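So the structure is just underneath, and the comments pick up after that.
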Amino acid sequence: MLALIAFSLFLSSQPALAVEPIRITRDDAALDLSGVIEIYRNQGSNFQVSTAPGIDGIVRRIEVEAQDERSSGDWAVFAIANTTDQQFDRLIVAPHFRMAGSGMFWPDLGSGRIASITPSEGFALDRQASDDADIFLLTINPGSIVTFVAEMQSSRLPQIYLWDPDVYKDTVNSYTLYQGIVIGIAGLLALFLTILFVIKGTAMFPATAAFAWAVLTYVSIDFGFLNRVMEISPGNEQLWRAGTEVALATSLLVFLFAYLNLNRWHMHFSYGVLAWVLALAAIAGLATFDPSIAAGTARISFAATAVVGVGLITYFAYRGYDRAIMLIPSWLMILVWLFGCWLTVTGQLDNDIIQPALSGGLILITLMIGFTVMQHAFAGGALNQGLFSDVERQALALTGSGDTVWDWDVSRDRIVTRPDVSRQLGLSEGSLHAAARNWLPALHPDDRDTFRTTLDMILEHRRGRVAQTFRMRGADGHYHWFTLRARPVIGSDGEVVRCVGTLVDTTEQKKGEERLLYDAVHDNLTGLPNRELFLNRLDAVMALAQSEQNVRPSVFVIDIDRFKQVNDGLGISAGDTILLTIARRLHRLLDARDTLSRFSGDQFALMLLSEQEPGRIAEMADAIRAAISAPISFAKREMVLTASIGIVSWTSQHAAADDMVKDAELAMQQAKRYGGDRAEPFRPAFRSAGTSRLQIESDLRRALERGEIKLAYQPIVRLEDRTIAGFEALMRWDHPRRGSVPPAEFIPIAENCDIINQLGLFAMQTAAEDLSAWQRAVGEVPLSVSVNLSSRQLLRRDLVNDVRSVIARSAINPRCFRLELTESLIMDNPEQSAHVLARLRKLGIGLSLDDFGTGYSSLAYLTRFPFDTIKIDRSFLDDASPKRAVLLRSIVSMAHGLGLAVVAEGISEEADAEELREMGCEFVQSYMFGPPVDRSVVIDLLKEQSRAVQA
């Protein structure tokens with residue numbers, strides 16, 4: 001005993017501060033302990049603290065161990081002194097949520113505050129059942145000083161009260177009555193506005209009803225009513241509270257947009273609100289991970305909507321928009337309520353009444369908005385829906401069209417426009433309200449005679465219509481296009497007294513037409529004339545050369561050697577930059593009479609008129625080679641390119657521009673055969689070199705009709721169980737004299753002579769019909785067929801319709817039909833490819849990316865294209881380096897991360913197949929697992945597999 005007293009005296013002599021006790025009496029009904037509690041952070045599961053000095057003045061040391069697994073490691077300490085000679089009971093109450101002081105950006109959304117309370121002496125505290133607060137019943141002996149150590153469940157303890165049990169019960173009952181009234185009113189409002197939405201159905205009413213339901217949900221959460229309707233598991237209160245705040249912010253934004261009908265004023269309002277709503281939807285998803293951030297963002301959004309609403313309402317009210325004027329009282333109430341909320345959450349307004357009062361204010365706002373909406377609901381009665389007269393209807397239609405009324409008073413010779421077209425042109429107001437002759441200086445010189453003659457003809461013949469397009473000069477010197485449509489008004493004397501019609505500004509339309517015409521005959525990248533415009537100009541020059549001795553055109557076809565390696569090594573964007581550089585260099589060499597054109601990706605054409613001497617033409621060819629071979633700096637490296645140039649000069653034997661260009665192309669091909677980096681003049685002997693190719697082209701045109709084109713099918717096998725998952729359709733040509741012609745030989749010819757579309761459609765239709773026949777013969781087995789797609793097919797406008805027609809005629813499931821595209825094919829035109837592939841994907845078919853990894857652009861664009869499968873090129877499997885496995889595993893992992901299946905091509909060893917299976921590769925395709933076979937053999941393979949599975 002003496003040792004314990006000595007130990008206590010020793011502790012009391014240490015510098016640790018003792019807790020200052022709060023002295024209470026029986027008359028103290030409610031005491032706020034929030035300001036006197038001492039919080040100890042990060043103390044762990046065992047906590048020691050000095051007690052308040054007892055009656056004997058001794059400060060003791062107590063140790064408390066955490067009893068709840070949700071303990072935060074924080075502890076709260078306070079002391080209570082009963083100075084009376086009576087024993088009495090009190091309730092310690094710590095609310096789970098308190099709006100006052102909760103914060104704006106990362107608000108405290110409530111949680112369990114106290115896990116348990118341990119007294120230094122006396123009776124243990126009993127936890128009272130409550131969904132809204134942590135409540136503990138304590139009994140204080142007379143003349144005692146007790147120190148309490150609270151084990152905290154959260155890091156914050158916004159408020160803690162010491163209540164008389166009876167007073168607390170009466171207070172809770174009084175708030176319960178108030179809360180019930182508020183929730184009842186909110187429910188009736190939400191129900192009434194929903195019924196109003198069903199009756200009227202316009203966008204304003206569902207938006208109002210949604211706001212009312214959001215308010216009802218928010219108030220139900222705030223008052224703890226939702227806990228009584230449905231079970232909310234502990235820890236989910238923050239998620240629900242954040243979700244209701246996001247819903248409240250979203251519904252207010254949608255209501256403002258729908259009520260003011262903002263999409264009528266400008267389409268940008270629709271885009272802005274849609275982006276805002278999508279952002280709030282993303283925030284709602286974020287609430288599952290961090291409700292505090294979601295709620296803070298929602299509060300900011302609510303405030304931003306209120307501020308933006310002030311500007312919009314003020315602007316539209318100034319313009320006399322009745323809806324904006326009627327919304328002013330409700331919006332002022334929102335601003336007042338928002339100001340009160342700001343004072344509350346920042347802690348400047350802190351009492352127990354403010355939170356229920358703000359909830360009641362929210363109901364009042366909903367009520368005012370409901371009254372405002374009801375005025376519109378019942379303002380469309382029969383008196384306001386009377387019929388318009390024909391004149392009123394025509395006037396409204398004219399106003400709605402936005403056209404300008406053009407009125408020529410012939411007797412006074414005065415033209416008036418409403419609205420005034422002078423302001424549209426930047427001229428002084430009313431400057432064109434004048435005689436018809438005063439319009440002539442404002443017109444384009446080429447249009448003045450037509451304008452004058454048209455008006456004179458109307459006056460002379462006293463009938464007809466004015467339908468004329470002309471240009472008028474604005475104050476800035478630019479011309480605006482206008483279309484005038486008018487008709488004369490004949491007076492009682494048979495003469496024209498007026499001419500009335502509409503004047504429409506068609507400047508943008510004309511510019512659009514000019515842009516379309518320009519784009520149709522010019523290259524999008526370089527702005528140079530394309531092949532069609534070049535041939536048109538060459539035809540005109542050749543026609544002139546028939547009669548003019550000094551007109552002798554020469555044509556150069558210029559092809560950049562090995563340019564595909566530049567695209568593969570540096571990417572498409574780098575290749576485009578280099579092409580622009582080459583185009584500028586070539587353009588500097590030309591005279592004003594010469595024409596430079598871009599024929600295709602890396603091919604240019606030049607029509608030379610400024611030089612006719614053979615020596616000068618050869619010098620031009622050398623200058624072109626030198627310009628192209630000059631080093632090009634890109635990405636801190638220099639590249640040297642070369643070109644193959646074909647040259648042909650006009651002779652009377654050239655009947656058309658296309659013949660001349662073909663001869664130049666033959667010369668260019670010959671230059672490439674000699675190794676490139678040279679200019680080759682055309683010689684007639686070059687035509688015989690293309691005879692074989694022409695013969696193949698001719699035979700290919702009749703091959704489909706003769707049934708020489710067939711399909712072979714190579715199995716695609718599942719690695720897991722070695723069963724057939726599908727087939728790839730491979731085109732074969734059985735030539736009657738040449739035998740089997742490989743696809744690598746006839747497919748490029750088919751693409752150049754426009755036969756590829758017929759072959760592609762044949763392949764898709766045949767493969768789909770064969771698949772349908774297999775499924776009828778074997779049964780509905782999970783089987784797919786893949787067809788390769790060429791670049792010409794991908795850029796063809798009717799491709800989607802062709803695929804849809806093929807699927808419909810063969811009556812197969814779209815999921816069983818697949819199209820395969822190579823990486824280089826897509827990268828030729830990524831924007832167009834993305835558009836076409838998205839439309840194909842909507843049909844429900846599969847899309848495979850073939851030869852994956854052979855280029856350098858696929859990783860950057862892979863997520864943009866809707867592929868569901870990638871096929872690993874066999875070059876990765878043939879690689880014998882030790883890094884092969886790492887690279888293959890990375891490709892498979894990346895594909896699975898993007899939700900793509902993987903097919904490996906060209907496997908030749910079982911060890912490779914097993915290695916790929918362990919990596920997660922699903923499918924393989926190679927001669928090891930099955931060579932291409934005829935369609936009749938496919939049925940035998942499928943039946944054999946079916947029997948094996950059944951066995």
Side-chain angles (χ1 to χ4, degrees), residues 700-701 703-716 724-733 743 746-747 750-751 753-822 825-826 832-850 865-869 871 901 903 925 932-939 942:
L700 188 58
R701 292 185 183 276
L704 277 176
E705 301 173 3
R706 297 173 176 176
E708 298 172 2
I709 304 294
K710 294 181 174 57
L711 294 183
Y713 298 94
Q714 185 172 24
I716 299 174
I724 298 175
F727 294 89
E728 179 181 355
L730 304 173
M731 199 173 295
R732 296 290 185 263
W733 182 15
F746 70 83
I747 291 296
E751 289 183 339
C753 62
D754 294 331
I755 306 176
I756 191 64
N757 291 326
Q758 302 173 32
L759 294 178
L761 187 58
F762 165 78
M764 290 192 294
Q765 187 64 54
T766 303
E769 291 174 354
D770 288 346
L771 175 63
S772 179
W774 300 337
Q775 291 180 337
R776 288 196 302 270
V778 182
E780 292 293 334
V781 295
L783 194 67
S784 65
V785 63
S786 302
V787 180
N788 290 285
L789 206 63
S790 73
S791 58
R792 289 292 182 93
Q793 289 177 277
L794 181 62
L795 299 179
R796 189 167 173 262
R797 294 183 178 180
D798 294 335
L799 174 62
V800 178
N801 293 331
D802 289 345
V803 174
R804 185 186 292 112
S805 176
V806 164
I807 294 173
R809 285 200 295 266
S810 57
I812 61 173
N813 192 321
R815 292 180 298 177
C816 300
F817 190 78
R818 309 187 64 82
L819 292 178
E820 292 192 7
L821 303 89
T822 62
L825 186 155
I826 297 170
Q832 176 71 9
S833 300
H835 174 70
V836 175
L837 293 179
R839 294 181 61 197
L840 289 172
R841 188 61 177 168
K842 289 182 180 178
L843 298 180
I845 69 171
L847 295 173
S848 299
L849 179 61
D850 201 2
F865 301 123
F867 292 109
D868 53 21
T869 303
K871 302 185 76 172
V903 180
Q925 177 184 350
V933 296
D934 188 69
R935 60 182 173 183
S936 59
V937 180
V938 171
I939 296 181
L942 295 176

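Since the structure is predicted, the reported quantities are computational estimates derived from the model, not experimental observations.
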Does Ile812 form a side-chain contact (heavy atoms from CB on, under 4.5 Å) with Phe817? I'd like the steps, not just the answer.
CA-CA 8 Å; Ile812 61 173; Phe817 190 78; 4.0 Å; yes
Check whether any side-chain heavy atom of Glu728 lies under 4.5 Å from a side-chain heavy atom of Pro715, and answer yes or no.
no
Is there a side-chain contact between Ser848 and Val903, using heavy atoms and a 4.5 Å cut-off?
no
The reported gap from CD1 in Ile756 to CE in Met731 (rounded to nearest 0.5 angstrom) is 6.0 Å
Looking only at heavy atoms, what is the nearest atom pair of Leu837 and Leu847, with distance?
O-CD1, 3.7 Å
By salt bridge (charged side-chain N to carboxylate O under 4.0 Å, His left out), Asp802 pairs with (sequence neighbours left out) Arg796
Can you tell if the side chain of Leu799 reaches within under 4.5 Å of the side chain of Leu789, non-hydrogen atoms only?
yes
Partners passing salt bridge (charged side-chain N to carboxylate O under 4.0 Å, His left out) against Arg706 (at least two apart in sequence or in another chain):
Glu708
Might you point out which heavy atoms bring Val778 and Ile939 nearest each other, and give the distance in Å?
CG2-O, 4.4 Å
Contact between Ser786 and Ile716 at the side-chain level, heavy atoms closer than 4.5 Å - yes or no?
yes
Taking every non-hydrogen atom, the tightest pair across Val806 and Ala768:
CG1-CB, 3.5 Å
Tell me, do Leu843 and Val803 make a side-chain contact under 4.5 Å, heavy atoms counted?
yes
Might you point out which heavy atoms bring Leu783 and Gln775 nearest each other, and give the distance in Å?
O-NE2, 4.1 Å
Can you tell me how far apart CZ (Arg839) and CZ (Arg804) are? Round to the nearest 0.5 Å.
7.0 Å
Check: Met764 and Leu819 side chains under 4.5 Å, non-hydrogen atoms:
yes
Nearest 0.5 Å please: distance from the OG1 atom of Thr766 over to the CG atom of Leu761.
9.0 Å
Above 12 or not: heavy atoms from other molecules or residues under 6.0 Å from CZ of Arg815?
no
Any donor and acceptor pair, going by atom type alone, linking the side chain of Ser772 with main-chain N or O of Ser810 inside 3.5 Å?
yes
Distance, nearest 0.5 Å, that separates CG of Asp798 from OG of Ser805
11.0 Å
For the CZ atom on Arg818, are there more than 12 heavy atoms of other groups (residues, nucleotides or ligands in this structure) within a distance under 6.0 Å?
yes
Intermediate values then yes/no, side-chain contact (heavy atoms from CB on, under 4.5 Å), Leu771 and Phe727:
CA-CA 9 Å; Leu771 175 63; Phe727 294 89; over 6 Å; no
For Tyr713, what residues pass the ring pair (Phe, Tyr, Trp, His ring centres under 6.0 Å) criterion, not counting sequence neighbours?
Trp774
What distance separates Gln765 CD from Asp770 CG, expressed to the nearest 0.5 Å?
10.0 Å
Could you check if a side-chain atom of Arg841 sits within less than 4.5 angstrom of a side-chain atom of Asp868, using non-hydrogen atoms only?
yes
At what distance, to the nearest 0.5 angstrom, does CG of Leu840 lie from OG of Ser833?
10.5 Å
Heavy-atom pair of closest approach, residues Ala763 and Leu711:
O-CD1, 3.6 Å
Got Phe867 and Leu821 here, is their nearest side-chain heavy-atom distance under 4.5 Å?
yes
